[in-house]
Amino acid sequence: PENVGVLAMEMYFPKRCVIQSEMETFDGVSAGKYTIGLGQDKMAFIDDREDIQSICLTAVQNLMEKHNISYSDIGRLEVGTETIIDKSKAVKTCLMTLFTEQGNTEVEGIDTTNACYGGFAAFSNAVNWIESSSWDGRYAIVVAGDLALYASGAARPTSGAGVVAMLIGKDAPIVVERGLRSTHMEHAYDFYKPDMHSEYPVVDGKFSNTCYIRAFDSCYRRYMARLAKLENKDKPSMDDIDYVVCHSPYAKLVNKSFARASYNDFLLDTDNEKFAALKPFEEMSYADSLENKDLERALMGLTKAGYAQKVGPAAYAPKQIGNMYTAAVWAGLASLVSEVDSETLQDKRIMLYSYGSGLAASMISFRVRGSTAEIKSKLNLRERLDARTHSKPEEFASAMKMRENTHNACNFNPSGSLDNIATGVYYVEKIDDKWRRFYKRK
Ligand code: ACO
């Protein structure tokens, strides 16, 4: 099969969000810390009425309905998530209720987990399946979703929640480029979830940022080396890329990663006039380059216009929602498709960087080979984001408290108000005395 890639996309995010400037006041930090320092505008949240399965049910059902896809045409369903509610039973098996109702129980694929990387792993499984001898000719669906929650403290303003569901198949408008995929993996304790009694991670924030940037450098260099070979280029660079989508824990880190790309380009082309501002850093060691604030400032200055053009459209939705762990990078792709017209996107190359702590990272690129207009209009992202309810930080804090108090609860009816659930959205009706979960659609 040719032109394997993304045929359709749907995104689910909660009805309620808090405004980051109000969070700054509520948390008693200096004005601008979350909005400028982290680069975030709003943060989506949920209470005990929703869980990973309910939000994924909503995303899949809406994808199928909005794009008029028949459940029997799906041969594979992959879920990437790090929101674990059961140590054995996969979220995918719960999503099978939708398929079973429609008479399709022959659906391969299961959950994949490693921090924010699971969605990318799910996506590559789906693409690999279609390109393999196991493929039965049907479509695949990839679901990447998480509740990104942090204990109160420095990391809490980088919370969020969301799911992206994608239809994957041949002859797609957003095509995966072959032969360029690069990967970097290692063992690191930057962010992990060893405490089964809590939804919150253990996180070394600063270290996780460095891990993210190091993995970016490594993937970018490998990607560029492959591009150079494939396209016979001496000095491949960001000039070969039209748009960039990075996993977005918060927008500022994405901005810094994009800036880093130019540092890597510079090291391959140190005498190029366009990198004159970086010349003083030519001899700097790699370890120093990760810490040096003068270099960071020079890179951010050099890449300011490029960031607005190449990254800005993908950064929009994640800035409005917050981190979505596995979904964040795909939300970036949905954002790009929503913010840029289909005509403008034609034949453009989109680089995508996925990072999951612990750590696993990969980089791929897409080429736009068909109209993205239908994906954009059905996502209807701007309008849906603007229609959300702005809640007070106190409500967010009490929703987090509610989740803490009911985490792992058995024989329990959620108390979160159904007023906070939009029409067409699945919610948790009850959890019975055997921890079995029951869902309803509003
Ligand atoms: N106005 C403008 N900027 C400000 C202000 C202000 N009033 N106050 C602070 N800032 C800037 C700081 O200078 C800093 O900028 P810099 O990063 O360019 O140096 C930035 O805002 C953040 O401020 P810090 O004091 O460094 O923030 P803090 O240490 O409290 O927390 C952190 C930031 C570490 C990112 C925290 O939110 C966190 O742990 N997040 C979760 C981990 C994470 O997302 N890691 C990313 C990769 S792994 C993953 O995806 C989970």
Side-chain angles (χ1 to χ4, degrees), residues 20-41 43 80-83 113-120 144-162 184-186 188-193 199-219 245-260 290-301 303-304 307 315 318-319 321-332 353-362:
Q20 288 284 12
S21 56
E22 293 184 8
M23 282 295 291
E24 289 166 352
T25 313
F26 180 73
D27 287 347
V29 301
S30 57
K33 182 169 179 179
Y34 303 161
T35 48
I36 300 164
L38 300 177
Q40 291 299 111
D41 291 338
M43 181 166 70
T81 187
E82 57 168 298
T83 306
T113 299
N114 184 82
C116 311
Y117 188 79
F120 181 83
D146 276 301
L147 309 177
L149 309 170
Y150 290 96
S152 57
R156 179 155 273 192
T158 64
S159 301
H184 176 88
M185 296 204 186
E186 55 180 276
Y189 280 120
D190 60 328
F191 164 115
Y192 47 110
K193 293 179 177 165
E199 289 199 285
Y200 301 138
V202 174
V203 56
D204 182 340
K206 301 273 175 218
F207 180 49
S208 73
N209 289 342
T210 309
C211 287
Y212 177 108
I213 298 273
R214 273 197 304 111
F216 177 90
D217 285 345
S218 184
C219 287
V245 182
C246 291
H247 165 56
S248 178
Y250 56 94
K252 186 74 163 292
L253 188 59
V254 174
N255 197 334
K256 286 183 186 180
S257 312
F258 178 72
R260 257 330 256 200
L290 291 167
E291 304 284 332
N292 192 289
K293 284 281 172 192
D294 292 329
L295 171 62
E296 190 181 283
R297 258 189 298 277
L299 286 169
M300 294 286 266
T303 56
K304 200 166 178 215
Y307 174 82
K319 278 164 83 102
I321 297 175
N323 201 346
M324 293 160 258
Y325 293 160
T326 54
V329 68
W330 304 105
Y353 170 63
S354 170
Y355 174 82
S357 293
L359 62 81
S362 289

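Indexing begins at 1, ligand by ligand and atom by atom, following the structure's order.
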Contact check, side chains of Tyr117 and Tyr325, non-hydrogen atoms, under 4.5 Å
no
Atom 45 (N) of ligand 1 has as its nearest protein heavy atom Ser208 OG, 2.8 Å
Testing Ser257, Cys116, Cys211 for side-chain contact (heavy atoms from CB on, under 4.5 Å) with Tyr355, which one passes?
Cys211
For atom 29 (O) of ligand 1, the protein heavy atom that lies nearest, with its residue and separation:
Lys206 NZ, 3.1 Å
Please work out, at 4.0 Å between heavy atoms, whether the side chain, the backbone, both, or neither of Leu253 comes within that distance of ligand 1.
side chain
Which heavy atom in Tyr250 sits nearest to a heavy atom in Leu38, and how many Å separate them?
CD1-O, 3.4 Å
Phe191 heavy atoms, cut-off 4.0 Å: which ligand 1 atoms fall inside?
51 (C)
Of the side chain and backbone of Ser30, name the one, both, or neither that has a heavy atom under 4.0 Å from an atom of ligand 1.
both
Can an N or O of Tyr250 be found at a distance shorter than 3.5 Å from an N or O of ligand 1?
no
Which option, Ile36, Asp204, Val29, Leu38, owns the non-hydrogen atom nearest atom 22 (C) of ligand 1?
Leu38
Quick check: Ser357 and ligand 1, any N/O pair under 3.5 Å apart?
no
N/O to N/O below 3.5 Å, does that happen between Lys256 and ligand 1?
yes
Run the numbers on Lys193 and Glu199 for salt bridge (charged side-chain N to carboxylate O under 4.0 Å, His left out), then give the verdict.
CA-CA 8 Å; Lys193 293 179 177 165; Glu199 289 199 285; over 6 Å; no
Using 4.0 Å as the upper bound for N to carboxylate O, is an ion pair formed by Asp294 and Arg297?
yes
Is there a polar contact, in the sense of an N or O pair closer than 3.5 Å, between Tyr325 and ligand 1?
no
Tyr192, OH: over 12 other non-hydrogen atoms inside 6.0 angstrom
yes
Without swapping roles, check the side chain of Thr326 against the backbone of Gly145 for a donor-acceptor pair under 3.5 Å.
yes
Glu24: partners by salt bridge (charged side-chain N to carboxylate O under 4.0 Å, His left out), with sequence neighbours left out
none
Minimum heavy-atom distance Ala331-Met324, with the two atoms named:
CB-CE, 3.6 Å
Can you sort out which atoms of ligand 1 are near Asn209, meaning under 4.0 Å from one of its heavy atoms?
35 (C), 45 (N), 46 (C)
Establish whether atom 47 (C) of ligand 1 and some protein heavy atom are separated by less than 4.0 angstrom.
yes
Sub-4.0 Å atoms of ligand 1 with respect to non-hydrogen atoms of Ala31
1 (N), 6 (C), 7 (N)
Would you please classify the geometry between the Phe120 ring and the Trp330 ring as parallel, tilted or perpendicular, with 30° and 60° separating the classes?
parallel
Minimum-distance protein heavy atom relative to atom 36 (C) of ligand 1:
Ala154 O, 3.5 Å
What is the closest protein heavy atom to atom 28 (P) of ligand 1, and at what distance does it sit?
Lys33 NZ, 3.8 Å
Identity and separation of the nearest protein heavy atom to atom 39 (O) of ligand 1
Gly205 CA, 3.3 Å
Non-hydrogen atoms of Lys293 versus ligand 1: any pair closer than 4.0 Å?
yes
When distances are taken from atom 50 (O) of ligand 1, the protein heavy atom at minimum range is His247 NE2, 2.9 Å
Note the single closest protein heavy atom to atom 2 (C) of ligand 1, along with its residue, its atom name and the distance in Å.
Gly32 O, 3.5 Å
Among all the protein's non-hydrogen atoms, which is closest to atom 21 (O) of ligand 1, and how far away is it?
Gly37 CA, 3.0 Å
Examine the proximity of ligand 1 to Cys211 and report which part, side chain or backbone, both or neither, has a heavy atom under 4.0 Å away.
neither
Do Asp146 and Thr81 pair up side chain to side chain, a donor and an acceptor below 3.5 Å, judged on atom types alone?
yes
Identify, by atom number and element, the atoms of ligand 1 in contact range of Pro249, meaning under 4.0 Å from any of its heavy atoms.
44 (O), 46 (C), 47 (C), 50 (O)
Is atom 17 (O) of ligand 1 less than 4.0 angstrom from some protein heavy atom?
yes
Under 3.5 Å side-chain donor-acceptor pair for Tyr212 and Asp190
no
Should Tyr150 and Asn323 be marked as a side chain to side chain contact (heavy atoms under 4.5 Å, CB included) after you check the CA-CA gap, both sets of side-chain angles, and the distance that decides it?
CA-CA 11 Å; Tyr150 290 96; Asn323 201 346; 4.0 Å; yes
Taking the side chain as every heavy atom from C-beta outward, state whether Arg260 and Leu290 have any pair of such atoms under 4.5 Å apart.
yes
Heavy atom of protein inside 4.0 Å of atom 14 (C) of ligand 1, strictly below:
no
Go through the structure and list residues passing side chain to side chain contact (heavy atoms under 4.5 Å, CB included) with Tyr200, not counting sequence neighbours.
Leu149, Ala151, Arg156, Ser198, Met400, Glu404
Taking only heavy atoms of Lys252, which atoms of ligand 1 are found under 4.0 Å from at least one of them?
15 (O), 18 (O)
Close-contact set for ligand 1 against Val203 heavy atoms, below 4.0 Å
42 (C)
